[in-house]
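Read the structure below first, then the notes.
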Amino acid sequence: MRRRLLRDGILLRSIVVTILAFILVGVATIAYTAHAARIQAETQSRVHLEQLLDTVESTLRVACFVKDVQLAREVALGLLSNTEILRVTIHEGSFILADIQRPGNRGSTDVAGSLVRSINSPFIEGDVIGRIRLTPDPEVIERRIRDDIIGQALQLAWQLALIAGAIVVTLLAFVIHPISAMSRNLHAMDPTAGDRLQKPPGHARTEIGNLVDDVNALAGSLVQALEKEQALRLQGEMDERRYHAIFDNAESGIFIVDRAGRLTSWNPAFARLLGISGDAARRLSELPWAAPEEIAGLIEAAFTNRQPVSIDARLQPPGRPRFWLKLVLSPVGSDILQGVAHDVSALKEAEAAARRQALSDPLTGLANRASLEQQLGQRIRQHHLQPGRGFTLLHIDLDKFRLITEGVGVTAGDEILRAIAGRLGATVKSEDTLARLSADVFAVLLQDLDDDGHIDKVIERIMNSLRQPYLVDGSPIQLTASIGITLFPSDGGDAPSLLRNAELACDKAKLAGGNQAAFFDATLAETAEQRRHLENDLRQAVAQRQFSLYYQPIADLARHRIAGAEALIRWHHPERGLVPPDQFIPVVEQSGLINEIGLWVLDSACRQLAEWQAAGCPHYLSINVSGRQIPDGLPPQAVAAAIARHGIAPERLALEITEGILLGDIGVARAWLLAVQQLGVRLYLDDFGTGYSSLSYLKRFPLDTLKIDRSFVQDMQAESSDHSLVEAIVAMARSLRLRVVAEGVESAAQLQMLEAMGCHYAQGYHLSRPVPAADFAEVVAGIDRRLAG
Amino acid sequence: MTTPTRLLPLLLLGSLAGTAAGEPLVVVVSAQQRIERLSQEDVTNIFLGRFRTLPSGLPAAPIDQPANSPLRAAFYQQLVNKDVASINAYWSRLHFSGKATPPRQTNSDGEVLRQLLSQPGAIAYVERRQVDARLRIVFEFPP
């Protein structure tokens, strides 16, 4: 059917086109032929008539000459015997000699194409004596033309028939048949099985052949594309299966939301998270969110922005605890959102806890320093926006709280701090803010208290409240506090300066003996400023080596001679001259410069010892070590390095420590002391008697020598309590195999008493003030002489 | 080459005229007739049967010299440049229709004159020296 159509199609069209073309050509040709044939027939007819006339001309001339009608008639009849001639008319002048028409002819006599010829005289050339008119028979001409046309048309017809036949045969043989064959083969062909079209015979290099090549190439590429597509589909199916597995097994909830906000698909994890059962479609915002309008807004935003959006949303499922979900909605195409949900409750809780912790003190639950600073900043900003009455900031520092925790233990100390927080809370108004700034430091932000009298009442209340005994394991403990007071806006314009000034005021109260309150005043700031100056000068002093060591001799009371010396630091200020140690040592200790200066002292002392050693002088030398240098400011390795560097005997070096270091972390202090003792260095306990003076320390720590504080020695008189105390200390030390140095010996009487008590060494102005190294040898020689004398 | 062929008839003409009479031929009528002059064309039409009347209204009666007279040959030769055979053929073609008749044939010069004078519309050609008072020359061949 299709093949027939194909064949019929091309063939039919070709034939129709050919016939049409031939008809056109035929009509044109015949039209032309008709025209040409008419011209030719007329010309022929005229020539023929002319020839006829020529044959009868001489007779005609004669007939005309003599006007012989009979002769003219004979000529005319002779002419009419020719079938082409319809009528003959012979005139002689105006006289008609003959006018004869073929009988029975219906044609008009005045036919175009009539031949008229003049007749001359037979004797006088150029003398026209008549004329003859020959009228041709149009029917004869028409018949001739018709015959011509018919002949032409017949010729044309068989020529065209021949050409059409040739075209049909050519088309059939070279086009239609090969195409039909190809079509048949294409129907039977299976390209995937490797089948390809064969070229029809004889068409290897024709367009048909090229078409076969093209079809084969197309088949090849289609097969290739098909295979690729199949591979892709296979891959796609595998991917889909894999993604489906991920979808089903994911911990996170995965879901799809349509344009209307309806859930169209979700994975088991999502159902689990939200407690969805069944497949019933529902809106995402209909789930038990704490704020469903937030979810609806999120969906709208995702569609509008065409970007992923996320939110942490809280759920309140009935009968289950509230929890948080992190929702991420990503638009896929224009009508679908892909959503992911995970449970972030744990994270949220941790965040909340962290936030609370960041702003509050975990021990007491009060605000911490950061929180207080925030609130101060807020109050100050408020004040700037809406100036009104200021506020008061109290800095409350417990007096000697560290000693108490040492005594009762850290846990009990925390108990007390919590109790203090409670008491403070009870003494202030609810709008006031309480904070714990550091271990034993609290702060109170009092609202609307710019009246000093009113402040005093509050302070009194706080002091009283704190003064009440605290029960620790059933035993009462007494506490006092120092309070610094600053007023906003008069005492500082911002939070840091208010806090600092409150602390300065508190320091002032503490310096005044504690258990009292002090208002901040400008001099405090000034003092602090001076101290900062001093600190700067000290830094410069370290850099420029403005320090030097003085040496105060120490006498061996048994041998009556100088045994060694204590190295004491002196500062030669370029403007202020020699600065006493008590004016700068506290600053050095607090600023951290102590470590650098301490190392310098160690190095200088070792160098001095090396010099003495080289000079054959057997004195030992002690240096002071601050509690702040232990353990890292002066590590035992640094001591060992200094000893090695200067090549001194370690037992000639003594380090003087105070009871302070024994009150800190005992383990650390003990380890440091043992390490230093291992080096062979002696350890002295300085200022013994002024501090805690626990006998247990003396047993627990590897000490060599006690130095009795000058306050005991200075006031020592015969039969006085100090005398007994010193005597007792010496006796106790001896029993513990410790040596004793008595400091502050200012008289010969004291020296004798000490000697009598069995005290091993003495030091003081009675013997010598601290002297520069250059004077030391001379001073020692003088003392030795005195003692020997 | 063309010149000799065209000259040949003229030479022939000259020799004929000379040998025939040496006298020019003229066309004459009876002096009593009211004809004064005829053109060569008139003469041709009258002698060759076209005009059957004279300008004077009389029926024309041309008279020929004897058939083999040199005058006759000379006359037609000069008049229409044809020889005697052609003239004879011409008349024989018209003979059967009977419409036109050739000039009357005479047997001699004398008969020409006699008929000229006896017939009312007679007209003939003669040698100039034969012309006398009874006759009137109506046409002369140009020299």
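Computed from a prediction, not measured in an experiment: that's the story for all the values here. Each chain gets a letter, A, B and so on, in the order the sequences are listed, and its residues count up from 1.
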### Query
Hey, is CD on E50(A) packed in by over 12 heavy atoms from elsewhere, all under 6.0 Å?
yes

### Task
To the nearest 0.5 Å, tell me how far L71(A) CG sits from R93(B) CZ.
8.0 Å

#### Entry: Point-to-point distance, once rounded to the nearest 0.5 Å, from CZ of R61(A) to OH of Y90(B)
12.0 Å

### Query
Is it the case that more than 12 heavy atoms not belonging to Q105(B) sit under 6.0 Å from its CD atom?
yes

### Task
Measure distances from T59(A) to the heavy atoms of chain B and classify the residue's part below 4.5 Å as side chain, backbone, both or neither.
both

### Message
Is there a side-chain contact between N45(B) and F123(A) in this structure, where contact means two heavy atoms from C-beta onward sitting under 4.5 Å apart?
### Response
no

### Query
Under 6.0 Å from the CZ atom of R37(B), do we count more than 12 heavy atoms belonging to anything else shown?
yes

### Heavy-atom pair with the smallest gap, counting every atom of L48(B) and V66(A)
O-CG1, 3.9 Å

### Task
Ignoring hydrogens and angles, tell me if any N or O in the side chain of R50(B) forms a donor-acceptor pair with the backbone of F65(A) under 3.5 Å.
yes

#### Entry: Crowding at CZ, F22(A) (>12 non-hydrogen neighbours, <6.0 Å)
yes

### Task
Mind checking side chain to side chain donor-acceptor pair (under 3.5 Å) for E142(A) and listing every partner two or more places apart, or none if nothing turns up?
R38(A)

